[in-house]
Enquirer: 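Okay, handing you the structure first.
Letters A, B, ... are given to chains in the order of the sequence lines, protein chains preceding strands, and every chain is numbered from 1.
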Amino acid sequence: GESVGLHLPTLSVQEGDNSIINCAYSNSASDYFIWYKQESGKGPQFIIDIRSNMDKRQGQRVTVLLNKTVKHLSLQIAATQPGDSAVYFCAERPGYSTLTFGKGTMLLVSP
Amino acid sequence: DAGVIQSPRHEVTEMGQEVTLRCKPISGHDYLFWYRQTMMRGLELLIYFNNNVPIDDSGMPEDRFSAKMPNASFSTLKIQPSEPRDSAVYFCASRATDEKLFFGSGTQLSVL
């Protein structure tokens, strides 16, 4: 889930496991959602996005699920690899406004 | 395309000095955003431009911060005078008419 304060929530998994990173968004008017991955020392990198008229979207090894009823977004990573270790951010966009980012979840993948 | 290019990658300065961060967006992108990232606050939007025009600067912390976009391929974020609490990573991002933001590698600013 998203963080409060200084400490990022951390998900630790073994290589080859499936990972699920959760995000609770705040604005029921949000109609677009996006996941970013940020590796140490780099800028956030686009992973996958979804619009509010969908509840699931799949990419390569990643799936995003959207539950508008409870304002919940999740990112599933299949067969997690050490290179997936990073901080993952969800972002929401209400209407024509700009993206609002969550504080992120750290994913640690051990070999 | 080389992506969004920011300079410098690292900046160390003393309190009171002027700091200028630079950004070259992806060619053809007509939106440009400046973000600040800290552990406490995460990614905060400072200002964004559309077709070189500032649209929303409500995230700019105070008058010490200013941003310009003189043309479609260049933007600056200036802090004058800088303070230790300005220490953060500053990201520039750009996008076309769809929503996908592309970020630069950031400028790590340390104000001593």
Enquirer: Give, as side chain, backbone, both or neither, the part of B:Q6 having an atom under 4.5 angstrom from any heavy atom of chain A.
Expert: neither
Enquirer: How long is the span from the NZ atom in A:K103 to the CD atom in B:Q37, to the nearest 0.5 Å?
Expert: 11.0 Å
Enquirer: B:G106, B:S105, B:G42, B:A93: which one forms the most heavy-atom pairs within less than 4.5 Å of chain A?
Expert: B:S105
Enquirer: A quick test of your reading: do over 12 heavy atoms of other residues, nucleotides or ligands sit less than 6.0 Å from CD of B:E62?
Expert: yes
Enquirer: For A:K68, look at atom NZ and say whether over 12 heavy atoms of other residues, nucleotides or ligands are found less than 6.0 Å away.
Expert: yes
Enquirer: For the hydrophobic clusters of this structure (ILVMFWY residues joined by side-chain heavy atoms under 4.5 Å, transitively), does one cluster hold both B:V12 and B:Y90?
Expert: no
Enquirer: Treating Ile, Leu, Val, Met, Phe, Trp and Tyr as nodes and any side-chain heavy-atom pair under 4.5 angstrom as an edge, say whether B:F74 and B:I5 lie in one connected cluster.
Expert: no
Enquirer: Of all heavy-atom pairs between A:I34 and B:K100, which one has the smallest distance, and what is that distance?
Expert: CD1-CA, 4.3 Å
Enquirer: Could you see if B:L109 belongs to whatever hydrophobic cluster contains B:F65? Use Ile, Leu, Val, Met, Phe, Trp, Tyr and a side-chain cutoff under 4.5 Å.
Expert: yes
Enquirer: Would you indicate whether the side-chain heavy atoms of B:E99 and A:L99 approach each other to under 4.5 Å?
Expert: no
Enquirer: How about A:N67: does its CG atom have over 12 heavy atoms from other parts shown lying under 6.0 Å from it?
Expert: yes
Enquirer: Evaluate the side-chain proximity of A:P44 to B:F91: yes if any heavy-atom separation is below 4.5 Å, no if none is.
Expert: yes
Enquirer: Hey, quick one: are A:I20 and A:L107 part of the same hydrophobic cluster, counting side-chain heavy atoms closer than 4.5 Å, chains of contacts allowed?
Expert: no
Enquirer: Could you tell me the separation between the OH atom of B:Y35 and the CZ atom of A:F101, rounded to the nearest 0.5 Å?
Expert: 4.5 Å
Enquirer: Contact part of B:L101 toward chain A, heavy-atom cut-off under 4.5 Å: side chain, backbone, both or neither?
Expert: both
Enquirer: Could you look at A:Q45 and say if it's the side chain, the backbone, both or neither that has a heavy atom under 4.5 Å from chain B?
Expert: neither
Enquirer: So for B:Y31, is it side chain, backbone, both, or neither that comes closer than 4.5 Å to the heavy atoms of chain A?
Expert: neither
Enquirer: Do B:W34 and A:F89 land in one hydrophobic cluster if side-chain heavy atoms of ILVMFWY residues count as linked below 4.5 Å?
Expert: no
Enquirer: Below 4.5 Å from any heavy atom of chain A, which atoms of B:R9 appear? Answer side chain, backbone, both or neither.
Expert: side chain
